[in-house]
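What follows is a set of notes on a single structure, which appears directly below.
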Amino acid sequence: GDCPELGGWDLTKSCEMECVNSNTWFVELPFDASAGCAVGYKFVIFHGGSLESPVRECRVVRRRLVTPAGQAKWRDHWEA
């Protein structure tokens, strides 16, 4: 994503999500620096934890508003 909490587009600083089931992934993280701001992000799949040839979502950047309290709950679908 484009904010510090999501790695600033640096894949080595991206947030790892937990697989709940075949189509549900979860991550909980505080948005301190970006509270009250719009943030942009995309999903990326790393194979075997490697940064080599990650699979990137093929769509425009998602844009969401983080509340001033720094909390948000979003539901998205992978777009290939």
Side-chain angles (χ1 to χ4, degrees):
D2 65 358
C3 63
E5 297 89 347
L6 298 176
W9 297 123
D10 181 345
L11 295 181
T12 64
K13 297 177 183 176
S14 61
C15 301
E16 185 174 344
M17 299 179 78
E18 177 185 342
C19 179
V20 176
N21 61 43
S22 64
N23 64 352
T24 304
W25 292 77
F26 174 82
V27 65
E28 188 172 324
L29 62 114
F31 282 91
D32 297 321
S34 303
C37 300
V39 298
Y41 63 97
K42 284 187 173 190
F43 296 116
V44 178
I45 298 173
F46 297 100
H47 295 286
S50 171
L51 290 178
E52 293 182 34
S53 303
V55 177
R56 300 170 190 263
E57 196 173 26
C58 186
R59 61 158 289 143
V60 297
V61 173
R62 298 172 188 272
R63 303 289 306 167
R64 301 282 189 190
L65 180 63
V66 178
T67 66
Q71 299 175 351
K73 184 176 183 177
W74 304 324
R75 182 173 291 202
D76 292 309
H77 297 279
W78 172 267
E79 293 187 30

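Values reported hereafter were calculated over all heavy atoms of this structure, with side chains retained and with hydrogens, waters and symmetry mates removed.
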Write down the atom of [X], the atom of [Y], and the distance for their closest heavy-atom approach.
X: Leu11; Y: Pro54; answer: CD1-CG, 3.9 Å
X: Phe46; Y: Ser14; answer: CE1-OG, 3.7 Å
X: Gly40; Y: Leu6; answer: O-CD1, 4.2 Å
X: Ala38; Y: Leu65; answer: N-CD1, 3.8 Å
X: Pro68; Y: Ala35; answer: O-CB, 3.4 Å

Gap separating the [atom1] atom of [X] from the [atom2] atom of [Y], nearest 0.5 angstrom:
X: Glu28; Y: Gln71; atom1: CD; atom2: CD; answer: 9.0 Å
X: Arg59; Y: Trp78; atom1: CZ; atom2: CH2; answer: 11.0 Å
X: Cys37; Y: Asp2; atom1: SG; atom2: CG; answer: 10.0 Å

- Message: Under 4.5 Å between side-chain heavy atoms, counting indirect links through other Ile/Leu/Val/Met/Phe/Trp/Tyr residues: same cluster for Val39 and Trp9 or not?
- Response: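 No.
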- Validation row: Val55, His47 side chains within 4.5 angstrom (heavy atoms):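 A side-chain contact exists here, since the closest heavy-atom pair is under 4.5 Å.
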- Side-chain heavy-atom pair Met17, Ile45 within 4.5 angstrom cut-off: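 No, their side chains stay 4.5 Å or more apart.
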- Task: Sort out for me which residue in Phe26, Phe43, Phe31 forms a ring-ring contact (aromatic ring centres under 6.0 Å, His included) with Trp74.
- Result: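 Of all the options given, the one that passes is Phe31.
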- Is a donor on one side and an acceptor on the other found under 3.5 Å between the side chain of Glu79 and the backbone of Glu57?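 No, because the side chain of Glu79 does not come within donor-acceptor range (under 3.5 Å) of the backbone of Glu57.
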- Glu5 (side chain) donor-acceptor with Pro30 (main chain) under 3.5 angstrom: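 Checking the backbone N and O of Pro30 against the side chain of Glu5, no donor-acceptor pair under 3.5 Å is found.
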- Task: For the pair Asp76 and Lys42, find out whether any cationic side-chain nitrogen is under 4.0 Å from an anionic carboxylate oxygen.
- Result: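 Looking at Asp76 and Lys42, the cut-off is not met.
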